[in-house]
A.B. asks: 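Please read through the structure below; I'll follow up with questions.
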Amino acid sequence: MEHSRFYYHVSLILSISGLVFPVMVGSIGINYGQIANNLPTPDNVIPLVKSIGATKVKLYDADPRVLKAFANTGVEFIVGLGNEYLSKMRDPDKAQAWVKANVQAYLPATKITCITIGNEILTLNDTSLTDNLLPAMQGIQTALVNLGLDKQVSVTTAHSLAVLDVSFPPSAGSFRKDLVGSITPILNFHAKTNSPFLINAYPFFAFKSNPKQVSLDFVLFQPNQGVVDPKSNFHYDNMLFAQIDAVYSALASLGYSKLPVHISETGWPSKGDEDEVGATLENAKKYNGNLFKTICQRKGTPMRPNTDLNIYVFALFNENMKPGPTSERNYGLFKPDGSPAYLLGINGTDAISTNSTPTTAATTTTTPAPRSPESSSTGYLSISAAVKGRWISCIGQLLFPLLLLSCLAFRLAF
C-alpha cells in the first residue's frame, strides 16, 4: 500500500511534468540493472523512468518481466546476451532460438532496437570468451536477418576504455597492440552492419587512480583551465570528451573513422570505500548534473562537434548485491524505494539549472584510460542529444516547481 501511494504521487508529478518536458522526450535513456534483492517490480519502475523523461532503457539481459511490463510504453530497449551464452551462439539454431524467445516474442509491443553481446570481453583476459565474441555477434546477426529483424535491431558489444593503449592526448588515441588482432574484425562487423561501437568510460576511475595529477574539476565538468591537445590544438574542458575523442582517434588509426561511438557506461558513485578517493554524493551530483546539462546543450566533442552524443549513464538504482568495492553498489540515481539518491537530474531540474560549465579551466596534464571495475557495471542512463536547444534556456525555471512537488510527494507517500 505504501509503495502504491508513493508511485501514485510520482504519477501525479509525471502528468504535470509532461506539460514542460516535450524538449526532453526522446533524449534520455536509463540502464536498468537488477543485481539487488530489494528493487521495485518492473511495473512500478515505469513511472520512475518516465519521471526523468527517459525513452530508452538498457538491460544486461532480456528479463521477460521487464520487457512485458514496458510493452506499449514507447520506450526503446537494448537487451543483453550475457557472457555465459557466447559459446552457444556459434550454433545457428541456438542463436535463432535465443532471438525468437528474447527479441521477436516481444516485438512490436516492446521496442527492442539493439542487442549487446557480452560486456567488456576483450579486457577480461579470457581467451575462450574473446574467441567466441565475434562468432556470437555474427550468429545473432544472422538470426536477425533470417527472421527479417535486422533492419530494426542492431548487434554490438561494449568495451572497457582499457582497450586503449594511449588515451592522451586524444589525437594520439590508439588500441592496445595485443588487442588489435581481436578488435579489427569486430570493427569490420560494425562497418558492415551499421552498428555503433560501444565504450564504457569512467573519469571517476582515472581520478581515483591519480587524484594528485588529475584535476577533480576537469573530471566533474566544473570550471577549469582545460587542456589543449598539442597535435590537433583542440581544447578540452572535461575528461569524458577527451576520452571519447581518443576512441575516435583509435578507430581512425585502424581505418574506421566513420564508425559511430556510443558511451555505454559512465557515471559517478555517491559513496565508496576509504581508498576510493572522490566517491561522494556531492561529486556524483556534480558529475551527472553537469553531464546532463552538457548533453542538453547539444555539445559535441571537439573532434566531433556536430555529432550527437549517445551516452549511457550508470545507473538506475543502487544495487545492494553487486560484488566489489562499496562504490559498485552506489551508482544509482534512485534508491530501491524509488526516492532519489540525491536531488539531481530526476526531473531534469538540477541538470539544467546547474551552473554553466565554461570552457576555460583544469590543470590536469594527463588523461589516463581508467581501470575498469572488477565487475562490469550493470545499469546506466542513455542520453542522446535529440533536444531542441532553443527551449533549454527557460526549461530550468519551468521545472523548478516540479522539484518542490516531488519532495512533497515523497513526504506524502511515506
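The figures here come from the full heavy-atom set of this structure, side chains too, leaving out hydrogens, waters and symmetry mates. Small disclaimer: the values here were computed from a predicted structure and weren't measured. Index from 1, following the sequence.
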A.B. asks: Under 3.5 Å, is there a donor-acceptor pair between the side chain of D165 and the main chain of S174?
C.D. replies: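 No; zero donor-acceptor contacts below 3.5 Å.
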A.B. asks: State, to 0.1 Å, how close L81 and I140 come at their nearest heavy-atom pair, and which atoms those are.
C.D. replies: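 Heavy-atom minimum between the residues: CD2-CG1, 4.5 Å.
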A.B. asks: If I compare all heavy atoms of P323 with all of E328, which pair ends up nearest, and what's the gap?
C.D. replies: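 Reported closest heavy-atom pair: O-CB, 3.6 Å.
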A.B. asks: Not counting sequence neighbours, which residues clear side chain to side chain donor-acceptor pair (under 3.5 Å) with T156? List them please.
C.D. replies: none
A.B. asks: Hey, are D63 and R65 close enough for a salt bridge, meaning a charged N less than 4.0 Å from a carboxylate O?
C.D. replies: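 Between R65 and D63 there is a salt bridge, with a charged N closer than 4.0 Å to a carboxylate O.
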A.B. asks: Which heavy-atom pair separates S128 from D126 by the least distance, and what is that distance?
C.D. replies: N-OD1, 3.1 Å
A.B. asks: With a 4.5 Å limit on heavy-atom distance, are the side chains of N238 and V219 in contact?
C.D. replies: no
A.B. asks: Around E84, counting heavy atoms of other residues, nucleotides and ligands shown, do more than 12 lie under 6.0 Å from its CD?
C.D. replies: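 Enclosed.
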A.B. asks: To the closest 0.5 Å, what do you measure between CG (N188) and NZ (K192)?
C.D. replies: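 That separation rounds to 4.5 Å.
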A.B. asks: Minimum heavy-atom separation for G118 and T157, please, with both atom names.
C.D. replies: O-OG1, 3.8 Å
A.B. asks: For P336, does its backbone N or O pair with a side-chain atom of N38 as donor and acceptor, under 3.5 Å?
C.D. replies: no
A.B. asks: Rounded at 0.5 Å granularity, tell me how far NZ in K100 sits from CG in N146.
C.D. replies: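 The CG atom of N146 is 9.5 Å from NZ of K100, to the nearest 0.5 Å.
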A.B. asks: For atom CZ of F189, decide whether the heavy atoms of other residues, nucleotides or ligands shown that lie under 6.0 angstrom number more than 12.
C.D. replies: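 Correct, the count exceeds 12.
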A.B. asks: For N330 and T326, indicate whether the former's side chain and the latter's backbone hold a donor-acceptor pair under 3.5 Å.
C.D. replies: yes
A.B. asks: Within the distance-only criterion (no hydrogens, no angle test), does the side chain of N318 pair as donor or acceptor with the backbone N or O of G332 below 3.5 angstrom?
C.D. replies: yes
A.B. asks: Closer than 3.5 angstrom, by distance alone: can the side chain of Q141 be matched with the main-chain N or O of Q138 as a donor-acceptor pair?
C.D. replies: no
A.B. asks: I'd like to know if the side chain of S232 and the backbone of S171 have a donor-acceptor N/O pair within less than 3.5 Å.
C.D. replies: no
A.B. asks: Applying the side chain to side chain contact (heavy atoms under 4.5 Å, CB included) test to T130, which of I183, T123, I121 qualifies?
C.D. replies: I121
A.B. asks: Between the main-chain N or O of P170 and the side-chain N or O of S249, is there a donor-acceptor pair closer than 3.5 Å?
C.D. replies: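 Between the backbone of P170 and the side chain of S249 there is a qualifying donor-acceptor contact (under 3.5 Å).
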A.B. asks: Atom CG in L259, atom CG in L251: separation rounded to 0.5 Å?
C.D. replies: 5.5 Å
A.B. asks: If I take atom OG from residue S182 and atom CZ from residue F175, how far apart are they, to the nearest 0.5 angstrom?
C.D. replies: 12.0 Å
A.B. asks: Is any side-chain heavy atom of R90 closer than 4.5 Å to one of N132?
C.D. replies: yes
A.B. asks: Test side chain to side chain donor-acceptor pair (under 3.5 Å) on Y312 and N200; report intermediate values, then the result.
C.D. replies: CA-CA 9 Å; Y312 300 75; N200 299 338; over 6 Å; no
A.B. asks: Do D217 and S215 have a side chain donor and acceptor closer than 3.5 Å?
C.D. replies: no
A.B. asks: Under the side chain to side chain donor-acceptor pair (under 3.5 Å) criterion, do D245 and Y236 qualify, and how do the steps go?
C.D. replies: CA-CA 10 Å; D245 279 355; Y236 291 87; 2.6 Å; yes
A.B. asks: To the nearest 0.5 Å, what is the distance between CG (L309) and CZ (R304)?
C.D. replies: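 Reported to 0.5 Å precision, the distance equals 12.0 Å.
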A.B. asks: With ring centroids as reference points, do F70 and F77 lie under 6.0 angstrom apart?
C.D. replies: yes
A.B. asks: What's the shortest heavy-atom distance between H190 and S195, and which atoms?
C.D. replies: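 Closest approach of H190 to S195, heavy atoms only: ND1-OG, 2.8 Å.
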A.B. asks: Looking at F241 and G300, what are the two nearest heavy atoms and their distance?
C.D. replies: CE2-O, 3.4 Å
A.B. asks: Does some side-chain heavy atom of L67 sit less than 4.5 Å from a side-chain heavy atom of V79?
C.D. replies: yes
A.B. asks: CH2 of W268 to NZ of K285: how many Å apart, nearest 0.5 Å?
C.D. replies: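 W268 CH2 to K285 NZ: 16.0 Å, rounded to 0.5 Å.
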A.B. asks: Between the side chain of N102 and the main-chain N/O of W98, is any donor-acceptor distance below 3.5 Å?
C.D. replies: yes
A.B. asks: Using the side chain to side chain donor-acceptor pair (under 3.5 Å) rule, take D43 and T41 through it: C-alpha gap first, then chi angles, then the decisive distance, then the call.
C.D. replies: CA-CA 5 Å; D43 284 340; T41 62; 5.3 Å; no
A.B. asks: Side-chain contact test, heavy atoms from C-beta onward, threshold under 4.5 Å: evaluate it for L124 versus N119 and give yes or no.
C.D. replies: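 No - every pair of side-chain heavy atoms lies 4.5 Å or more apart.
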A.B. asks: For the side chain of Q243 and the backbone of L161, is there at least one donor-acceptor N/O pair under 3.5 Å apart?
C.D. replies: no
A.B. asks: Show me the pairs that pass ring-ring contact (aromatic ring centres under 6.0 Å, His included) and involve residues 145-166, at least two apart or across chains.
C.D. replies: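 Passing the test, one end in residues 145-166: H159-F197.
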A.B. asks: In sequence, state the C-alpha distance, the side-chain angles, and the governing distance for Y287 and F204, and then conclude on ring-ring contact (aromatic ring centres under 6.0 Å, His included).
C.D. replies: CA-CA 9 Å; Y287 183 82; F204 165 69; 9.2 Å; no
A.B. asks: With distance as the sole test, does E319 use its side chain to make a donor-acceptor pair with the main-chain N or O of A36 at under 3.5 Å?
C.D. replies: no
A.B. asks: Would you say that R176 contacts L164 through its side chain, given a criterion of any heavy-atom pair below 4.5 Å between the two side chains?
C.D. replies: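 They are not in contact (no side-chain heavy atoms under 4.5 Å apart), so the answer is no.
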